[in-house]
Amino acid sequence: MSKKFYVTTPLYYVNAKAHIGHAYTTVIADCAARFARLLGRDVFFLTGTDEHGEKIKKSAQDSGKTTIEFIDGVVEEFKKLWSKLNISYDHFIRTTDKQHCETVKLAIKKIYDKGDIYKEKYQGLYCLPCEAFWTKEQVKDTEGLCPDCGRALELIEEENYFFKLSKYQSWLLEHLSKNPDFIKPKSRFNEIKSFLEKNTLQDLCISRPAKRLTWGIEFPEDVDFIVYVWFDALLNYISAPGYSVNDMQFNNIWPADIHFMAKDIIRHHAVFWPIMLKALELEVPKTVFAHGWWKFDNQKMSKSLGNVVDPFDVIEQVGVDALRFFLLREIPVGLDGNFSWQAIFTRYNSDLANDFGNLVYRTLNMSEKYFDGIVTGADVPIPENFAQVLSSMKDKYIECFTACEFSVGIESVYTFISVLNKYIEDSKPWTMSKEGRTDELNNFLYAICEGIRICTVCLWPVMPQTCESVMHQLGIPADFSVNDIDWGIVKDYKIQKEQPLFPRIDVN
RNA sequence: CGCGGGGUAGAGCAGCCAGGUAGCUCGUCAGGCUCAUAACCUGAAGGUCGCAGGUUCAACUCCUGUCCCCGCAACCA
């Protein structure tokens, strides 16, 4: 029986269209999902959209549409992008899905009955337009104005429901100490750990009065309140696999193996979410993985600066797989990266067009030119300089991809690609051809084809479309398994060369 | 003295945890090759590893101090 693998992206808030950051998280998750499939694991890959909250209602009004019309439009755009990027999700959840709403109500009721949710009056500084409470600490530097929009705050008093985070603080700390891989990368683990050690958790306000917030899930048995969006959204991770609806499926899938998200929402996933699960008496996810942010030309991307990168633009320029490759190769997951057109063109030309694309093209070209595309390898032994490189590459690749260190993992594949290019140079196949050393030439080409095939299998989670095309051009089935990362798996190649995979882009 | 991350060739990074010829990618320069997408291969130039002390036979690597940059600082999804 194959081991299951449950991977998620956050649910994207649909008050605006997708930008490069959304694409990044999703591509990371897709790469992890595809790698897990490569290992033969039974994958459930979840993504979706977070659709509640007054902000969305307002965005809809601004655009002159009804709320649901507006949301449907944005969701359509997200799905279009994922389809374009070859995102292989198994399920797309929307927080407006009926089943999800039912699950949220049920979960709240369960926690309430247990005594971990209570109702209380409190007062605080509130910004009406932003619909947010601010602490005195937060407005210290803004002279009492809203840190977000700069407008005046009001001191208001109201009643709300609270979730007892504080009750589980010591449990969570203990969980961290027993599970060093619970939060990754390590720097985030330390950040959350010291946060938990040095602060007392305040109970989380999980409702909004219905008179103020209408677009959301009603509180069970109290229609005067709406569930706060975060509490609603996080529960998607259990509602999608069927919590309380399809126990058999749910028990097969839960707990999540890995939740991916950007670093700004690590606290919700590494503190609130596990405590919610604990209160529900469910297992917590195995790993919560926070990645960094992309800057543009070393500046923060923001709408006000007008420098937000649209993934569709990038795809237009360099293609889907080059974007996926760039996002995964350019920076180690976890650190911030810098997006610039120069950086992506450089990556494209040197890594994709020159090193990999050209390697494939020159090899296929020789195969057709010298043997009409028929290359056989019944008893061809592995060249001695390949054996060592292949085995260390394979180990490193699997180790890195398992740990979601895609950047270093891709680098290790490139050490092999580089060896292949060098091998062509050293073997001088054009001389073999001139001197009529046919068998030698065939064996040489077979070796290069095997090398390309192996690299292609490794790169499939990163660039699925391109790698499928390479397999097709090699005349072999586009099946991908970790077992294929070995010498001599394919015996015969029937080459059908197509256009270069990545035509060079002239930047000037 | 709130917490954390970082300052290494023109650019971007690795190395530091387990001290001992400073490495990678891009760029630059020179050469080679021609199957190939002006691609590929070889070689060279270029760094007193933020600064100042200390430990040591020996420090980018450990310790102390100091300067600078960047996150986080609780409900912003």
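Below, chains carry the letters A, B, ... as their sequence lines are ordered, and counting in each starts from 1.
Pairing for G31(B) is with C41(B), a Watson-Crick or G-U wobble pair whose two hydrogen-bonding atom distances lie under 3.5 Å. Pair assignment for C72(B): G2(B), on the basis of Watson-Crick or G-U wobble contacts that are both within less than 3.5 Å.
The NZ-P distance, from Lys396(A) to C24(B), rounds to 13 Å in whole Å. Rounded to an integer number of Å, the gap from Arg362(A) CZ to C40(B) P is 8 Å. Between the CD atom of Gln473(A) and the P atom of U37(B) there is a distance of 14 Å, given to the nearest Å. Between Arg347(A) atom CZ and C26(B) atom P the separation is 8 Å, expressed in whole Å. Remark: C1' of C35(B) and CG of Asp426(A) are 14 Å apart, rounded to the nearest angstrom. One interatomic measurement links the two molecules: CD of Glu54(A) to P of C76(B), which rounds to 13 Å at whole-angstrom precision. With rounding to whole Å, Trp294(A) atom CH2 is found 20 Å from C70(B) atom P. Remark: P of U37(B) and CE of Met366(A) are 12 Å apart, rounded to the nearest angstrom.
Distance check on atom C1': C49(B) versus G32(B) gives 34 Å, rounded to whole Å. Comparing the P positions of U48(B) and A11(B) gives a spacing of 13 Å, expressed to the nearest Å. Comparing U55(B) with U28(B), their C1' atoms sit 42 Å apart, to the nearest whole Å. Taking atom P in both U66(B) and A30(B), the straight-line distance is 50 Å, to the nearest Å. Straight-line distance between the C1' atoms of G50(B) and U25(B): roughly 24 Å, to the nearest whole Å. Only the C1' atoms considered, G23(B) is 33 Å distant from C3(B), to the nearest whole Å. Taking atom P in both A9(B) and G2(B), one finds a spacing of 31 Å when rounded to whole Å. Nucleotides G53(B) and C17(B) place their P atoms 23 Å apart, quoted to the nearest Å.
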Next on the checklist: Does Gln342(A) form a side chain to side chain donor-acceptor pair (under 3.5 Å) with Ser340(A)? I'd like the steps, not just the answer.
Outcome noted: CA-CA 5 Å; Gln342(A) 204 206 323; Ser340(A) 70; 5.6 Å; no
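For Glu330(A) against G12(B), no side-chain N or O and base N or O form a donor-acceptor pair under 3.5 Å.
Counting heavy atoms of neighbouring residues, nucleotides and ligands inside a 6.0 Å radius, atom NZ of Lys193(A) does not exceed 12 of them.
In terms of phosphate contacts, Asn338(A) brings no side-chain nitrogen or oxygen within less than 4.0 Å of OP1 or OP2 of G12(B). Proximity of Lys422(A) to the phosphate of U42(B): a side-chain N or O atom is located under 4.0 Å from OP1 or OP2.
Between Phe326(A) and the options Tyr348(A), Phe339(A), Phe345(A), a ring pair (Phe, Tyr, Trp, His ring centres under 6.0 Å) holds for only Phe339(A).
Residue-level contact check: Thr200(A) touches the bases, meaning some heavy atom is under 4.0 Å from a base atom.
Closest approach to the Asn365(A) side chain among C35(B), A73(B), C76(B) is made by C35(B) (side chain taken as heavy atoms from C-beta onward). Of the candidates C40(B), U37(B), C26(B), the closest approach to any side-chain atom of Asn354(A) belongs to C40(B). Among A74(B), U37(B), G32(B), the nucleotide with an atom closest to any side-chain atom of Tyr361(A) is U37(B). Residue Glu411(A) places its side chain closer to C24(B) than to any other of G71(B), C24(B), U37(B). Taking the side chain of Arg504(A) as heavy atoms from C-beta on, and the options G71(B), A74(B), U37(B), the nearest nucleotide is U37(B). Checking U34(B), A36(B), G32(B) against the side-chain heavy atoms of Trp430(A) singles out U34(B) as nearest. Listed candidates were A39(B), C35(B), A74(B). Nearest to the side chain of Asn358(A) is A39(B).
For the pair Lys55(A) and Tyr13(A), the NZ or CZ position fails the cation-pi test of under 6.0 Å to the six-membered ring centre and within 45 degrees of the ring normal.
Nearest-nucleotide positions on RNA chain B place Arg329(A) closer to the 5' end than the other of Val229(A) and Arg329(A). A residue-by-residue look at Asn421(A) and Arg188(A) shows that Asn421(A) has its nearest nucleotide of RNA chain B further toward the 5' end.
Salt-bridge formation is detected for the pair Arg453(A)/Glu450(A): a Lys NZ or Arg NE/NH1/NH2 atom is positioned less than 4.0 Å from an Asp or Glu carboxylate oxygen. The pair Lys164(A)-Glu120(A) fails the salt-bridge criterion, with no side-chain N (NZ, NE, NH1 or NH2) lying under 4.0 Å from an Asp/Glu carboxylate O. Between Asp72(A) and Arg94(A), at least one side-chain nitrogen of the basic residue sits less than 4.0 Å from a carboxylate oxygen of the acidic one, meeting the salt-bridge criterion.
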